[in-house]
Structure formats: structure tokens, C-alpha cells
Undergrad: 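Structure provided below as C-alpha cells; questions to follow.
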Amino acid sequence: MITVSEAASDKIKEMIAAEETPNLFLRLGVKGGGCSGLSYSMGFDDNESENDLVLETNGLKVVVDKESALVLNGVEIDFKDTGMGGGFTIHNPNAIATCGCGSSFRTAQEQEKAAQKCDDEEAEKATV
């Protein structure tokens with residue numbers, strides 16, 4: 001479902017080790033917002049809920065809530081280290097549009113919902 005490259009998992013494990021909280025794992029999710037409609041959320045957590053899916057990739061525990069999992073299926077997370085810094089990259093095969101910075105995206109399903117909302121609003125205006 002979600003792939004975390006060796007470089008990314010090594011960096012995340014290094015960051016987790018620097019924290020002083022036991023049993024931390026990577027929590028990946030999606031929230032509404034951003035210039036393209038949806039934004040990625042990625043952080044550390046030590047609390048699971050019954051609404052979570054738990055994965056393990058490259059020895060890294062990754063937790064995703066079931067709602068986010070729908071648009072994160074097939075996601076690949078990588079880490080690029082360059083001379084001027086580095087950062088995580090997310091490749092989402094479900095995204096049909098992304099913003100310039102790569103932190104927000106839109107899926108076909110979200111685009112259909114937005115189009116339906118516009119159609120519903122137009123129909124409502126026509127009957128008023």
C-alpha cells in the first residue's frame with residue numbers, strides 16, 4: 001500500500017531515535033486544504049486508534065487512518081539529501097494535480113466531488 005524507500009526510512013528512524021518518547025512511529029495522513037485541495041500530513045505519534053491501518057516497511061512502523069488510506073494507496077516516500085539540504089518527497093499515483101511545492105494534491109475522486117458540488121449549487125440557484 002505505502003512504500004518508504006530505504007533512504008527515507010533510515011532518515012525517519014534517525015529522527016525518531018533523536019526523540020525521547022518511546023514507541024514512536026510514523027503517522028501519515030491527508031487533510032483538506034492546500035492550494036490543490038488536499039494536503040499530506042506526516043509526523044510522529046505513539047498512539048494508535050481502531051481507525052488505523054498499521055504497516056511495516058523497511059523496518060519502519062507506519063500508521064495511516066482508514067480514510068486517508070483511500071487516497072494514499074500506492075504512495076512512495078523518498079528522502080533526497082543534497083549539498084544544500086534535503087527533504088522528503090511523496091509520489092502519489094492517485095494525484096491528478098499537485099501544487100508547485102508538492103505538499104498538496106487533488107485526486108480524481110476529489111475533483112468529481114467538487115464538480116458535483118458546483119452542479120448542485122447551480123441547480124439550487126436555478127430553482128430559486
Side-chain angles (χ1 to χ4, degrees):
M1 174 176 146
I2 294 173
T3 303
V4 180
S5 72
E6 188 173 340
S9 64
D10 288 348
K11 185 64 174 177
I12 293 167
K13 288 176 196 174
E14 178 184 314
M15 294 168 70
I16 287 174
E19 298 290 324
E20 298 198 6
T21 305
N23 304 315
L24 283 180
F25 53 81
L26 176 66
R27 177 171 291 282
L28 185 62
V30 172
K31 59 185 177 182
C35 53
S36 292
L38 297 171
S39 295
Y40 298 107
S41 66
M42 193 165 97
F44 301 136
D45 199 349
D46 62 351
N47 188 21
E48 292 177 43
S49 79
E50 62 184 45
N51 189 39
D52 289 335
L53 299 174
V54 180
L55 315 161
E56 188 161 323
T57 176
N58 281 329
L60 178 68
K61 181 178 178 179
V62 180
V63 176
V64 181
D65 67 272
K66 290 178 183 174
E67 190 174 316
S68 294
L70 298 173
V71 294
L72 294 176
N73 190 28
V75 159
E76 299 169 4
I77 301 172
D78 196 10
F79 182 80
K80 302 287 186 199
D81 196 5
T82 65
M84 298 295 288
F88 292 97
T89 60
I90 299 176
H91 171 70
N92 187 343
N94 305 302
I96 61 168
T98 59
C99 68
C101 65
S103 65
S104 71
F105 65 100
R106 181 173 46 246
T107 64
Q109 182 180 13
E110 289 301 313
Q111 188 161 325
E112 288 173 15
K113 285 180 187 176
Q116 182 62 47
K117 182 179 177 185
C118 288
D119 290 347
D120 291 347
E121 288 172 359
E122 288 299 316
E124 187 176 306
K125 286 179 188 176
T127 59
V128 173

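This is a predicted model, so every value here is computed, not measured.
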Undergrad: Between Val54 and Phe25, is the side-chain contact (heavy atoms from CB on, under 4.5 Å) condition met? List the steps.
TA: CA-CA 10 Å; Val54 180; Phe25 53 81; over 6 Å; no
Undergrad: Would a hydrophobic clustering, with Ile, Leu, Val, Met, Phe, Trp and Tyr connected at side-chain separations under 4.5 Å, put Met1 with Val63?
TA: no
Undergrad: So, does Asp10 use its side chain to make a donor-acceptor pair with the main chain of Ala7 at under 3.5 Å?
TA: no
Undergrad: So does Val30 get a backbone contact from the side chain of Ser68, meaning a donor-acceptor N/O pair under 3.5 Å?
TA: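 Yes; at least one donor-acceptor contact below 3.5 Å.
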Undergrad: Using a 3.5 Å distance criterion without hydrogens, assess whether the side chain of Asn58 forms a donor-acceptor pair with backbone atoms of Leu60.
TA: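 No, Asn58 side chain to Leu60 backbone: no donor-acceptor pair under 3.5 Å.
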Undergrad: Just how far is it from atom CD of Glu6 to atom NZ of Lys13, taken to the nearest 0.5 Å?
TA: 8.0 Å
Undergrad: Can you sort out the partners of Ser9 under side-chain hydrogen bond (donor to acceptor under 3.5 Å, both in side chains), two or more places apart, ordered by chain and number?
TA: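 Residues passing side-chain hydrogen bond (donor to acceptor under 3.5 Å, both in side chains) with Ser9: none at all.
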Undergrad: To the nearest 0.5 angstrom, please state how far the CD1 atom of Ile16 sits from the NZ atom of Lys61.
TA: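 Reported to 0.5 Å precision, the distance equals 10.0 Å.
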Undergrad: For the residue pair Lys66 and Glu50, what are the closest heavy atoms and their distance?
TA: NZ-O, 3.7 Å
Undergrad: What distance separates Met42 CE from Phe88 CZ, expressed to the nearest 0.5 Å?
TA: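 Answer rounded to 0.5 Å: 4.5 Å.
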Undergrad: Could you walk me through whether Phe79 and Ile12 pass the side-chain contact (heavy atoms from CB on, under 4.5 Å) check?
TA: CA-CA 9 Å; Phe79 182 80; Ile12 293 167; over 6 Å; no
Undergrad: With a 3.5 Å distance limit and no angle check, can you tell me whether Arg27 reaches the backbone of Ser41 through a side-chain donor-acceptor pair?
TA: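 It does not hold such a pair.
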Undergrad: Would you give the length of the straight line joining atom CD1 of Ile77 to atom CG of Asn92, rounded to the nearest 0.5 angstrom?
TA: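 Answer for the CD1-CG pair, Ile77 versus Asn92, is 10.0 Å.
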Undergrad: Can you name the nearest heavy-atom pair linking Asp78 to Ser5, along with the distance?
TA: OD1-OG, 2.6 Å
Undergrad: Which one of Leu55, Ile2, Val62, Asp45 satisfies the side-chain contact (heavy atoms from CB on, under 4.5 Å) criterion with Leu26?
TA: Val62
